[in-house]
Q: 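Sharing a structure here in structure tokens format.
Note: hydrogens, waters and symmetry copies are ignored here, and every other heavy atom, side chains too, is used.
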Amino acid sequence: IMQLQEKGLINVDDPLEKYIFDYPNGNKITLHHLLTHTAGIPNITDFPELQDIKTLKSPVEKTIELFKNKPLEFAPGEQYKYSNSGYILLGYIIEKVSGKSYEDYLQENIFNPLNMDDSGYDHHRPLLKNRAAGYCWGKDGIGNADYIDMSLPHAGGIEGFQAQISRFVDDDVCIIVLSNFEFAKVPEICKDLAAILFGEKYEIPAAQPVSKIDPSKIDDYVGTYEFEPDNILNVLKEDNRLLIAPPGQPLVEIFPVSKNKFLVKAFNAELTFVRNNKNKVSELIFHVGGQDMRAKKIK
């Protein structure tokens with residue numbers, strides 16, 4: 001996008017409607033909003049229906065239709081919230097303005113000029129020496145990650161893989177962390193490496209001891225919990241174990257630390273079950289990424 005601006009072909013202050021004339025609120029959303037995750041467009045990778053189509057080739061116009069008519073989560077420019085949907089729109093704009101496919105544009109304007117001979121747009125069929133396999137955490141432990149057709153994503157985290165780049169421009173420092181395990185603690189590793197480099201405080205991760213659930217009490221936790229309409233978390237029982245099925249994520253086991261506190265090792269998260277005055281579980285709190293999200297038990 002910035003290359004195209006340098007060439008005078010676009011301006012980051014342009015409204016989205018200049019490039020997609022019928023996009024809802026396209027007169028209020030700018031390219032700058034898309035670049036900075038401040039457009040308010042819902043994040044496509046949070047949609048449960050994505051799991052049903054992720055193995056299918058998806059032209060970018062068809063992908064955009066998945067989120068195009070959903071209401072904005074906030075007025076453009078008012079908040080920051082990461083959204084892959086905005087970057088899908090930017091990729092589409094690159095194609096429209098340059099007259100080239102996204103793949104060809106990257107190859108001609110980034111990879112070739114920088115002699116990046118081992119980088120490129122990913123395709124499933126070609127045999128690539130040393131191609132990494134992606135892994136995830138499921139109910140039976142670590143396994144192969146789900147397949148996803150690469151026409152769909154545009155980001156550093158997909159099924160089986162995570163990547164993070166932190167740049168400290170004034171210090172001439174760049175930290176890159178790559179993993180072919182979907183639930184690796186890549187952000188934490190990147191943050192701790194920066195802390196080590198700059199002499200700041202950091203904590204060495206320590207294993208938390210887990211306890212066992214009384215089999216007669218397992219049913220207390222089982223049920224459907226609702227964060228907000230259409231945002232559901234199911235807690236399931238299997239062989240005296242508890243599992244959760246977060247929206248758009250695989251089924252994973254949770255491990256008890258105390259009567260009401262559980263670890264979600266796969267997501268580096270915690271669950272706290274809240275009981276009412278009858279000592280029955282009535283809601284849960286999902287602690288992840290420094291945020292607490294509450295969900296009421298609805299059945």
Side-chain angles (χ1 to χ4, degrees), residues 1-5 9-10 12 14 16 19-20 23 26 29-68 70 72-73 76 80-112 114 116 118-126 128 131-132 134 136 145-167 176-180 182 186-187 248-249:
I1 291 291
M2 300 311 296
Q3 284 183 345
L4 293 173
Q5 171 153 310
L9 297 176
I10 64 170
V12 294
D14 287 340
L16 179 56
Y19 305 96
I20 308 177
Y23 198 93
I29 300 170
T30 66
L31 303 193
H32 185 267
H33 289 141
L34 300 177
L35 286 167
T36 57
H37 301 286
T38 56
I41 298 174
N43 185 4
I44 187 173
T45 51
D46 290 339
F47 300 174
E49 60 265 33
L50 197 67
Q51 298 302 305
D52 299 326
I53 63 169
K54 67 182 181 182
T55 61
L56 306 175
K57 188 171 288 296
S58 179
V60 65
E61 294 89 349
K62 184 178 178 181
T63 304
I64 290 172
E65 289 296 324
L66 294 175
F67 57 81
K68 179 178 179 180
K70 291 187 180 290
L72 295 180
E73 296 184 338
Y80 166 89
K81 186 176 181 184
Y82 188 92
S83 176
N84 290 296
S85 306
Y87 272 42
I88 290 171
L89 290 170
L90 290 168
Y92 182 53
I93 290 169
I94 290 171
E95 293 190 330
K96 293 193 71 173
V97 172
S98 69
K100 301 178 183 294
S101 70
Y102 181 64
E103 177 179 4
D104 288 344
Y105 184 88
L106 290 180
Q107 195 66 49
E108 294 174 18
N109 293 275
I110 294 179
F111 299 134
N112 288 346
L114 295 173
M116 296 174 68
D118 296 316
S119 297
Y121 192 95
D122 188 41
H123 291 279
H124 178 65
R125 282 195 169 274
L128 299 178
R131 184 202 291 264
C136 70
D146 290 345
Y147 170 77
I148 180 171
D149 190 275
M150 291 303 292
S151 64
L152 192 63
H154 185 315
I158 61 168
E159 279 72 355
F161 297 90
Q162 275 204 65
Q164 180 152 330
I165 299 176
S166 294
R167 295 183 64 219
I176 302 173
V177 181
L178 309 174
S179 176
N180 63 331
E182 187 172 332
V186 166
Q249 298 290 342

Q: Any chance you could measure Gln5, atom CD, to Asp14, atom CG, to the nearest 0.5 Å?
A: 8.0 Å

Q: Just how far is it from atom NZ of Lys70 to atom CD of Glu65, taken to the nearest 0.5 Å?
A: 12.0 Å

Q: Output the distance between atom CD1 (Ile88) and atom CZ (Phe67), rounded to the nearest 0.5 Å.
A: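 Atom-to-atom, Ile88:CD1 and Phe67:CZ are 5.0 Å apart.
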
Q: What's the shortest heavy-atom distance between Val186 and Ala163, and which atoms?
A: CG1-C, 4.2 Å

Q: Rounded to the nearest 0.5 Å, what separates atom CD in Gln164 from atom CG in Leu178?
A: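 Rounded to the nearest 0.5 Å, the CD-CG separation comes out at 10.5 Å.
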
Q: Provide the closest heavy-atom pair for Glu182 versus Gly160 in the form atom of the first, atom of the second, distance.
A: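 Reported closest heavy-atom pair: OE1-N, 3.0 Å.
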
Q: Once rounded to the nearest 0.5 Å, what's the spacing between atom CD1 of Ile20 and atom OH of Tyr92?
A: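 If I round to the nearest 0.5 Å, the distance is 6.0 Å.
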
Q: For Pro42 versus Ser85, what's the shortest heavy-atom pair and its separation?
A: O-OG, 2.6 Å

Q: Which pair of heavy atoms, one from Gly120 and one from Phe111, lies closest together, and at what distance?
A: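 It is CA-CE1, 3.6 Å.
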
Q: Determine the minimum heavy-atom distance between Arg131 and His123, stating which atoms define it.
A: NH2-O, 3.1 Å

Q: Are any of the side-chain heavy atoms of Leu4 and Ile93 separated by less than 4.5 Å?
A: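 Answer no - side chains too far apart.
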
Q: Rounded to the nearest 0.5 Å, what separates atom CG in Asn84 from atom NE2 in His37?
A: 7.5 Å

Q: Determine whether a donor-acceptor pair (N or O, by modelled atom type, separation under 3.5 Å) exists between the side chain of Tyr87 and the backbone of Leu34.
A: no

Q: If you take all heavy atoms of Val12 and Thr30, which pair is closest and at what distance?
A: O-CB, 3.9 Å

